[in-house]
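So that the names make sense, note that chain A is the first sequence line, chain B the second, and so on, each numbered from 1.
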Number of protein chains: 2
Amino acid sequence: MITIKDIAKLAGVSPSTVSRVISNHPRISTKTSLKVKQIMKELNYHPNIIAKSLVSRTTHTLGIMLPRPAEELFQNYFFGELLRGIITHATRMNYELLLTTETSSDNELHAISRLVHGRRVDGILLLGSKRDDPIISFLEAEKFPFVLIGRSEAHPNAPMVDNDNVQTAYDATHHLIAQGHTRIGFVSGPPDITLSHDRMLGYQKALAQAGLDADSDWIVEGEFLQESGFRAMSLFMSLPDRPTAIVVIDDNVAFGVLRALAELHYLVPEDISVVSFNNIALSELASPPLSSIDIGTYQLGYTAVQVLLKILSGEPQLHNPVIIPHRLIVRESSLFSKPKPPSD
Amino acid sequence: MITIKDIAKLAGVSPSTVSRVISNHPRISTKTSLKVKQIMKELNYHPNIIAKSLVSRTTHTLGIMLPRPAEELFQNYFFGELLRGIITHATRMNYELLLTTETSSDNELHAISRLVHGRRVDGILLLGSKRDDPIISFLEAEKFPFVLIGRSEAHPNAPMVDNDNVQTAYDATHHLIAQGHTRIGFVSGPPDITLSHDRMLGYQKALAQAGLDADSDWIVEGEFLQESGFRAMSLFMSLPDRPTAIVVIDDNVAFGVLRALAELHYLVPEDISVVSFNNIALSELASPPLSSIDIGTYQLGYTAVQVLLKILSGEPQLHNPVIIPHRLIVRESSLFSKPKPPSD
DNA sequence: CTGAAAGCGCTTACAG
DNA sequence: CTGAAAGCGCTTACAG
């Protein structure tokens, strides 16, 4: 392996000088700089980043912390798209990305603490969080730089990049109300996830504002899996007074919903209208095409890296949380105006 | 930051001893070991992995090299599933994962050479490869450990984990032939990708064996995107003598195919039968449900990590390439027996 | 503008 | 079984 010393020897200068050339130190003569650079090129020299890290105490690496059941994650286009945003900006800024996942549940801090104490990364991106997440407490206690993609109730001052998820669900629900629906259900995600919680609030808020009831039978909590949507429908559709429209926490879950409805021979949107979240590429291809809230997934990832790098550079963070705008994409699955009941 | 020296001082031993305790050196007395370990716990000591890396010349990190247009990648469940397999086994074996992507096209070796020369990783996982991939040449020249998920013609001795992709396409095509189809098209991927090439061979082999023609009009090359499938159909369906069945390189592309056919008011499988590859979770939910070759994506990723770790440990590699088994999952999209033409 | 020296936090022959 | 010393490849005050 070629080191800085080899270059120094061949260039007839000291290792310190070579180091300075590499880091573009201002007070190096153009002449030596050129000479050293040429020799580095000739020998195909590449600095040992590990050695550099040790002394500079910086790694130019960002850690990506995947939430526990990474199993589920990748069944979801959402995380792919999020990663895409993260990779794009990190690569652009010459940062490396270290992928970690929570391991054993007996010690949820194991992975993160290895990362932080082992000085493997300069900062951490948290993809989603539980409602009371020990990882955030840990990171705050360690004063280790991080950004949460999502929202934390317990840690309102944590740097966050998120949608306004009360509003996203409000918009989805309101859209259904505007179509004339009065019995609107909600297929939610795991209740300990802040996202589920926020969207539940938005759903309830929209109903309350319209003077509608949120029948507890019309609310089901599940996972971010197709099966959850499937199961929710077996439940809903057997109710004597079933909803005529539903809000679904995630497109993937909505696919399960559509499948169940097809099997049960219900028509969407005629028998039941559906709106979901994320607007993944496939929503458009579902049958019928799925109305979905576009949450700007790519931008969420991209922006999170921006915010984290800003924190690392010591710049003051002006806004927190950073809110990524969303918008409802209306497609066939919710395009059915509920006829007014005969007023007799 | 707490270092080995702090521990040594408090335990009344030398730093060397602490280091030996950490690495479970055999010739350390249980007594000192216990004492040192307790102090490490009390101070919540975690070894600096960077420093350890510098001297041990090993990082316990695997690099994941994403192919160039990472943009496309994550629009595809396939890569998510592959990553899932990789993460699972790497985490289980206590390896970290560094995510890199090829950057500027002006120097395709830039990213990989940083990784290799910077000693950031112990080995590299290559996700897919071009037919003549300079990255593989580079890695071989540097004698740097790597595993290719996929196949390289130009480098037959490179460690590879792959499906038998000639056979996968043969099976898909043969299935359509068995259904009575004689005019079978192929919607392929980018021609410079080995995968596309192999599947083309399998497709042609199956046709040849059945004495069928592969009309060049029935073959379209594109990207791994839905748009490609969509466009292919506008082409195919306007042909005077159009195929009655098609093999599609990837489920994602097949979704585009299905969408185009729906818009053009063709029925699947009655007007045209479809078989594709990867068997992602959504294939089952397509309308109609998509026949697809399950290539064991998760296992592909999982196994690649196993093989790479085996190489790193110096174990001899007995089989190369490692072939992951595949199987055809028949669903509605290809369940239509072509009636025999009237024999007059 | 450049060099000698100390040091980042660890490991590992060597010696005892 | 344990310690002192040298060293991994780099950076950076300090001095000139």
Side-chain angles (χ1 to χ4, degrees), chain A residues 1-40 43-61 96 113-122, chain B residues 1-40 43-61 96 113-122:
Chain A
M1 159 157 241
I2 298 157
T3 74
I4 223 170
K5 283 187 193 170
D6 303 318
I7 306 295
K9 203 165 291 172
L10 281 172
V13 297
S14 76
S16 337
T17 301
V18 176
S19 172
R20 290 196 183 96
V21 169
I22 293 169
S23 57
N24 288 314
H25 190 102
R27 287 200 302 234
I28 289 285
S29 73
T30 327
K31 195 174 146 224
T32 30
S33 172
L34 249 42
K35 188 175 183 185
V36 169
K37 276 181 179 157
Q38 195 204 320
I39 298 199
M40 294 197 308
L43 297 202
N44 192 23
Y45 168 78
H46 289 255
N48 182 316
I49 303 177
I50 299 287
K52 182 177 172 152
S53 281
L54 182 58
V55 15
S56 69
R57 291 153 182 290
T58 174
T59 61
H60 247 251
T61 303
E96 311 273 5
S113 121
R114 258 174 62 103
L115 221 59
V116 169
H117 290 127
R119 300 287 148 185
R120 288 299 304 265
V121 297
D122 295 346
Chain B
M1 160 156 240
I2 298 157
T3 75
I4 223 171
K5 283 187 192 170
D6 302 318
I7 305 295
K9 203 164 290 173
L10 281 172
V13 297
S14 76
S16 336
T17 301
V18 176
S19 172
R20 292 197 182 96
V21 169
I22 292 170
S23 56
N24 288 315
H25 190 103
R27 289 199 300 235
I28 288 284
S29 74
T30 327
K31 198 175 142 218
T32 28
S33 171
L34 250 43
K35 189 177 184 181
V36 168
K37 276 181 180 159
Q38 195 203 321
I39 298 198
M40 294 197 308
L43 297 202
N44 192 25
Y45 167 77
H46 289 254
N48 182 316
I49 302 176
I50 299 287
K52 182 177 172 150
S53 281
L54 182 57
V55 16
S56 68
R57 293 156 182 289
T58 174
T59 61
H60 247 251
T61 303
E96 312 274 2
S113 122
R114 257 175 63 101
L115 221 57
V116 168
H117 289 127
R119 301 286 148 184
R120 289 297 305 263
V121 297
D122 296 345

Figure out the CD1/P separation between A:I2 and D:dC8, and round it to whole Å. 16 Å
Stepwise side chain to side chain contact (heavy atoms under 4.5 Å, CB included) test for B:V18 and B:I22: CA-CA 6 Å; B:V18 176; B:I22 292 170; 4.1 Å; yes
Side chain of B:V13 only, heavy atoms from C-beta on: which candidate in D:dG3, C:dT2, D:dG7 is closest? D:dG3
Nucleotide C:dT11, atom C1' - distance to CD1 of B:I7 in whole Å: 16 Å
Give me the one residue out of A:T58, A:V116, A:L115 that meets side chain to side chain contact (heavy atoms under 4.5 Å, CB included) with A:V121. A:L115
Separation of D:dT11 P from B:I50 CD1 (nearest whole Å): 14 Å
Could you tell me how far apart B:R27 (CZ) and D:dG3 (P) are, to the nearest whole angstrom? 14 Å
Would you sort out whether B:H60 and B:K52 count as a side chain to side chain contact (heavy atoms under 4.5 Å, CB included), showing the intermediate values? CA-CA 10 Å; B:H60 247 251; B:K52 182 177 172 150; over 6 Å; no
Closer than 4.0 Å, any side-chain N/O of A:R57 to the OP1 or OP2 of C:dG9? yes
Please figure out whether A:A51 or A:G12 has its closest DNA chain C nucleotide nearer the 5' end. A:G12
Closest listed nucleotide, where the reference is the side chain of A:K52 and the choices are C:dC10, D:dC10, C:dC8: D:dC10
How does DNA chain D look in dot-bracket form if you count Watson-Crick and G-U pairs under 3.5 Å, write [ ] for pairs that cross, and put | where a base pairs with another strand? |||.||||||||.|||
Less than 3.5 Å apart, any donor N or O on the side chain of B:S16 or B:S19 sitting next to an acceptor on the other? no
Rounded to the nearest 0.5 Å, what separates atom CD1 in A:I4 from atom CE in A:M40? 8.5 Å
For A:L54 and B:A51, the nearest pair of non-hydrogen atoms, with its separation, is CD1-CB, 3.6 Å
Contact residues, residues 14-26 of chain B to DNA chain D [heavy atom, < 4.0 Å]: B:S14, B:S16, B:T17, B:R20
Under 4.0 Å between a side-chain N/O of B:Y45 and OP1 or OP2 of C:dC10, yes or no? yes
Mind running side chain to side chain contact (heavy atoms under 4.5 Å, CB included) on A:R120 and B:T61 for me, showing each step along the way? CA-CA 11 Å; A:R120 288 299 304 265; B:T61 303; 2.7 Å; yes
Specify the separation, in whole Å, of atom CG of B:N48 and atom P of D:dG9. 17 Å
Could you verify whether a donor N or O on one side chain and an acceptor N or O on the other, from A:S14 and A:T17, lie under 3.5 Å apart? yes
Gap between atoms CG and C1', on B:L54 and D:dG9 respectively (whole Å): 6 Å
Tell me whether B:T59 contacts the main-chain N or O of B:D122 through its side chain, where contact means a donor paired with an acceptor under 3.5 Å. yes
In sequence, state the C-alpha distance, the side-chain angles, and the governing distance for B:H117 and A:I2, and then conclude on side chain to side chain contact (heavy atoms under 4.5 Å, CB included). CA-CA 9 Å; B:H117 289 127; A:I2 298 157; over 6 Å; no
Using a cut-off of less than 4.0 Å, is there contact between a side-chain N or O of B:T32 and OP1 or OP2 of D:dT2? yes
Whole Å only: how far is the NE2 atom of B:H46 from the C1' atom of C:dC10? 16 Å
Gap between atoms NZ and P, on B:K5 and C:dA6 respectively (whole Å): 14 Å
What distance, rounded to whole Å, do you find between the two C1' atoms, one in C:dG16 and one in C:dT12? 16 Å
